[in-house]
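These notes concern the structure reproduced below.
All figures in this text were calculated on a predicted structure; none of them were measured in a lab.
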Amino acid sequence: SSPVPAAPIRTPISALLVPYTLYVLYNLILARPPNLFTELHLPLNAPQSTIQAALLAQNNSSIRTGAQPALEKLLARLASSEARTMLVRFGQWTVQTCSHCTAQADYALHALPPALLSYTLAATMLGIVTLRGSARETRRTVGIMLLVFAGLGEAYWAYTVPISIPSRHKQQIDNTVIMWHDTLWSLRHALFLALPLTLHLLPSPHQHHSPSPPSLRTTLASLNTRADSLLARANLIRLGTAGIQRVPELHARASTFWTRERCVGAAVRYDADVRAAAERVGLGF
């Protein structure tokens with residue numbers, strides 16, 4: 001049985017994993033993406049006058065939308081229902097900062113770099129957790145595939161999920177529009193938090209399948225049993241050979257067998273082709 005492999009770099013990996021975990025937790029708790037409608041508790045189809053009144057009531061102290069010109073530009077864009085749909089799909093930051101975006105594909109391309117950067121950081125941390133010498137090398141493929149599928153699934157859902165803004169009267173009564181960008185962002189960072197920790201903290205698979213080595217007493221007892229068996233077989237061969245010589249029938253058969261074997265051996269040794277082949281490979285008689 002093979003011993004449990006040593007993991008000399010587990011301690012440095014743990015030291016790197018602590019600030020990474022704190023960074024992801026900080027993003028999840030304190031640095032969530034801004035959203036006017038969520039922070040002001042407004043329905044998605046609230047008119048601009050309602051949004052401006054809510055901003056004035058809040059004195060713009062708890063709304064993380066940037067400088068006043070940027071806020072005014074955002075409010076102007078939100079006059080379009082298409083812009084509000086893009087906010088649900090790709091987030092307020094994308095709608096607020098992309099001045100050239102006119103189609104859904106433009107907004108998607110503008111929202112792609114920050115998401116790719118976050119996935120790259122998570123993949124880098126995953127590679128560090130599964131470095132050679134960490135006893136977690138075999139889990140790298142699984143972790144990377146989970147990140148790839150999660151990224152593809154997030155992009156597909158954000159781009160294709162149907163979003164319908166209810167009529168103003170219905171929306172005021174029952175706000176049922178899900179802010180998909182914020183929801184997917186939270187799920188993404190929850191995955192970034194859980195995946196490296198899980199791969200790092202789960203016991204190594206070798207630790208479950210490597211039995212403890214046998215004790216010295218057990219090893220010596222096994223060797224003694226095998227030695228007795230081999231000795232008994234050696235005595236059987238010795239006594240059997242002597243017994244064959246005492247039985248005429250067995251003696252005749254043995255003599256016939258060994259005579260035939262000598263003839264075959266002599267024919268092989270004196271064969272010219274066999275001698276030539278043996279000399280070619282350096283095995284001359």
Side-chain angles (χ1 to χ4, degrees), residues 1-17 122-150 152 191 194-285:
S1 60
S2 58
V4 177
I9 62 173
R10 292 270 296 165
T11 300
I13 290 176
S14 300
L16 288 174
L17 197 57
T124 302
M125 193 65 230
L126 193 64
I128 294 175
V129 168
T130 56
L131 279 175
R132 179 174 299 178
S134 64
R136 305 295 187 272
E137 300 90 338
T138 57
R139 299 173 181 172
R140 176 176 295 181
T141 302
V142 176
I144 294 297
M145 292 303 294
L146 283 176
L147 285 181
V148 170
F149 286 131
L152 293 176
L191 176 65
L195 188 57
L197 286 175
T198 302
L199 297 184
H200 183 68
L201 297 178
L202 278 181
S204 171
H206 301 282
Q207 296 177 2
H208 301 287
H209 303 287
S210 297
S212 57
S215 62
L216 179 60
R217 178 177 298 180
T218 304
T219 303
L220 292 177
S222 176
L223 289 176
N224 185 39
T225 302
R226 292 184 181 182
D228 291 342
S229 176
L230 291 175
L231 181 61
R233 292 180 182 182
N235 289 332
L236 177 62
I237 293 174
R238 179 177 60 83
L239 296 176
T241 303
I244 288 175
Q245 303 301 323
R246 298 177 183 178
V247 180
E249 183 181 358
L250 294 179
H251 178 72
R253 291 183 179 181
S255 299
T256 303
F257 173 79
W258 290 115
T259 301
R260 184 170 63 252
E261 290 297 315
R262 279 195 300 271
C263 293
V264 173
V268 171
R269 285 195 302 273
Y270 291 105
D271 185 87
D273 295 335
V274 173
R275 286 179 172 272
E279 291 177 357
R280 283 197 299 270
V281 297
L283 296 177
F285 298 152

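Checking side-chain atoms of Thr225 against main-chain N and O of Ala221 turns up a donor-acceptor pair under 3.5 Å. Put simply, the side chain of Ser255 gets close to the backbone of His251: a donor and an acceptor are under 3.5 Å apart. No side-chain donor-acceptor contact under 3.5 Å links Arg140 to the backbone of Leu126. Looking at Arg275, its side chain does come within 3.5 Å of a backbone N or O of Arg269 through a donor-acceptor pair.
In this structure, the separation between OG1 on Thr124 and CG on Leu16 is 11.5 Å, given to the nearest 0.5 Å. Rounding to the nearest 0.5 angstrom, the gap separating the CG atom in Leu201 from the CZ atom in Arg136 is 8.5 Å. To the nearest 0.5 Å, atoms CG (Leu199) and CD1 (Ile128) are separated by 13.0 Å. Atom CD1 in Ile9 sits 4.5 Å away from atom CG in Leu131 (nearest 0.5 Å). Taking CG from Leu239 and CD1 from Ile244, the interatomic distance works out to 11.5 Å, rounded to the nearest 0.5 Å. One finds the CG atom of Leu197 at 5.0 Å from the CG atom of Leu17 (value rounded to the nearest 0.5 Å).
Counting heavy atoms from C-beta on, the side chains of Arg139 and Leu202 come closer than 4.5 Å. The closest side-chain heavy-atom distance from Val129 to His200 is below 4.5 Å.
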(request) Applying side chain to side chain contact (heavy atoms under 4.5 Å, CB included), run through Leu147 and Leu191 and close with a yes or a no. (result) CA-CA 8 Å; Leu147 285 181; Leu191 176 65; 4.2 Å; yes
(request) Could you walk me through whether Thr259 and Arg262 pass side-chain hydrogen bond (donor to acceptor under 3.5 Å, both in side chains), step by step? (result) CA-CA 5 Å; Thr259 301; Arg262 279 195 300 271; 3.3 Å; yes
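Closest non-hydrogen pair, Thr218 versus Ser215, comes out as OG1-OG, 3.0 Å. The minimum heavy-atom distance between Asp273 and Asp271, with the atom names listed, is N-OD2, 3.0 Å.
A salt bridge links Glu249 with Arg253: the closest approach of a Lys/Arg side-chain nitrogen to an acidic carboxylate oxygen falls below 4.0 angstrom.
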